[in-house]
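These numbers come from a predicted model, not from an experiment. Every number for a ligand or one of its atoms is a count from 1 in the order of the listing. Along the sequence shown, residues carry numbers from 1.
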Amino acid sequence: MKKILVTGGAGFLGSHLCERLLNDGHDVLCVDNYFTGNKNNIAHLLRNPRFEAMRHDVTFPLYVEVDEIYNLACPASPIHYQHDPVQTTKTSVHGAINMLGLAKRVGARILQASTSEVYGDPEVHPQPESYWGKVNPIGIRSCYDEGKRCAETLFFDYWRQHNLRIKVVRIFNTYGPRMHPRDGRVVSNFIVQALQGDDITIYGDGSQSRSFCYVDDLIEAMVRAMATPDEFTGPVNIGNPTEFTMLELAERVISLTGAQSRLVFKPLPSDDPRQRKPDISLARQALGGWEAKVQLDQGLEKTVDYFRSLLQAER
Ligand code: NAD
Ligand code: UDP
């Protein structure tokens, strides 16, 4: 069994990953500065003697002894990553340098939670890993997009220069229980709005598309990616290739919740990608036939149940 560091471990994806690694029998060290993460996400893990939580900001060096590192620390929703854009870039870039330095010192394997945002507003559809993307370097999303692109550069330079064992996964929109209810991401926004009987906010005309992956499928792919042979570095896309427009998503959420909410149209934020859908051929091949199993309605039901309990508890 291994000692595994998960940065951003108290966040949405990180907490599910910590739970999965503990269930697999590993020792897990969760490092988080709780910027967007929440102690409630990991409260149920604290009783496990193989779990440890440490408050730490990855923009500062970290000295621990581990066998594997999953680097997830970074705010992921536009509202949060645009709140302090300089800190967002620092988290991606300095965080990557610090975690790569740690991996180098202790000889650990290291996986980077990269993103479909590296493709920007893509001209190639669906997006294969070979596509270099169309990213605005000076816009309001750039702190996140370019930060993540630079982190990928650092991973590949540490691999070329220092023979580090790296894995880069490009995560496409993922949703599920423990998403932050107010981080502005579309799935959490629509569900919370529907459950509260509020208007559902469609940005633009709602014809832009995304492909939504349920969290359990994503975590399975991440664990498989870490276990690939040393020669496999990625980048590899992980996501559910079934594509929906935001209008279609809103209709599904309304029908699943039985909400009376109206759709209201708001301005489209700048640089909002028109379309996004992963080409997952490489993931299928390199991750032992992996593909997303949970379809949107099924995943949305579980997510609606989660938010329903959360909102009741908040009352
Ligand atoms: P999240 O905001 O819930 O989790 C991020 C975690 O990182 C939080 O717990 C936060 O407190 C922590 N963090 C932020 N800055 C930190 C710092 N400087 N030091 C230590 N901890 C810090 O978001 P998430 O959806 O769980 O995303 C996790 C990772 O996956 C992120 O790197 C994100 O870019 C990537 N990702 C997520 C998605 C998605 O759809 N959920 C898509 C693409 C990529
Ligand atoms: N969106 C929307 N209404 C909302 C929140 C988001 O129509 O209340 C749109 C947003 O403009 C984008 C899509 O939903 O086109 C996905 O947004 P999200 O922030 O979840 O993810 P990202 O844009 O980073 O893929």
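Atoms of ligand 1 found under 4.0 Å from any heavy atom of His56, numbered from 1 in the order shown, are 19 (N), 20 (C). Those atoms of ligand 1 with a heavy atom of Gly37 less than 4.0 angstrom away are 8 (C), 9 (O), 10 (C), 11 (O). Applying the 4.0 Å criterion to heavy atoms of Asn173 picks out, from ligand 1, the atoms 40 (O). Ligand-side atoms of ligand 2 in range of Arg141: 22 (P), 23 (O), 24 (O), range being under 4.0 angstrom from any heavy atom. For ligand 1, the atoms lying closer than 4.0 Å to a non-hydrogen atom of Tyr34 are 11 (O). Residue-ligand proximity, Arg185 to ligand 2, at heavy-atom distances under 4.0 Å covers atoms 19 (O), 20 (O).
Remark: distances from the non-hydrogen atoms of Gly184 to ligand 2 include one below 4.0 Å. Ligand 2 does not have Lys266 within reach: every non-hydrogen atom of the residue lies 4.0 Å or more from it.
Ranking the protein heavy atoms by distance from atom 19 (N) of ligand 1 puts Val58 N, 2.9 Å first. When only non-hydrogen protein atoms are considered, atom 31 (C) of ligand 1 lies nearest to Leu72 O, 3.2 Å. Protein heavy atom closest to atom 9 (C) of ligand 2, with residue, atom name and distance, is Gln208 NE2, 3.8 Å. Counting protein heavy atoms only, atom 18 (P) of ligand 2 is closest to Val186 N, 3.9 Å. Remark: minimum distance from atom 39 (C) of ligand 1 to any protein heavy atom is reached at Arg185 NH1, 3.4 Å. Remark: minimum distance from atom 13 (N) of ligand 1 to any protein heavy atom is reached at Asn33 OD1, 3.3 Å. Among all non-hydrogen protein atoms, the one lying nearest atom 34 (O) of ligand 1 is Tyr144 OH, 2.5 Å. Atom 3 (N) of ligand 2 has its closest protein heavy atom at Thr201 O, 2.6 Å. The protein atom (non-hydrogen) at minimum distance from atom 10 (C) of ligand 2 is Asp272 OD2, 3.4 Å. Counting protein heavy atoms only, atom 21 (O) of ligand 2 is closest to Asn173 ND2, 3.4 Å. Annotation: atom 1 (N) of ligand 2 to nearest protein heavy atom, Tyr203 CD1, 3.4 Å. For atom 10 (C) of ligand 1, the closest heavy atom belonging to the protein is Thr36 OG1, 3.1 Å.
Closest of all the heavy-atom pairs between Pro61 and Asn98 is N-ND2, 3.7 Å. Shown here for Ala194 and Val253, the closest heavy-atom pair between the two residues is CB-CG1, 3.8 Å. Contact record, Asn237 with Ala283: O-CB, 3.4 Å, taken as the closest heavy-atom pair.
Among the atoms of Gln193, none of the N or O lies under 3.5 angstrom from an N or O of ligand 2.
Under 4.0 angstrom from ligand 1, the non-hydrogen atoms of Lys148 all belong to its side chain. At a 4.0 Å heavy-atom cut-off, ligand 2 touches Met246 through the side chain alone.
A cation-pi arrangement is absent between Lys134 and Tyr119 under the rule of less than 6.0 angstrom and at most 45 degrees off the ring axis.
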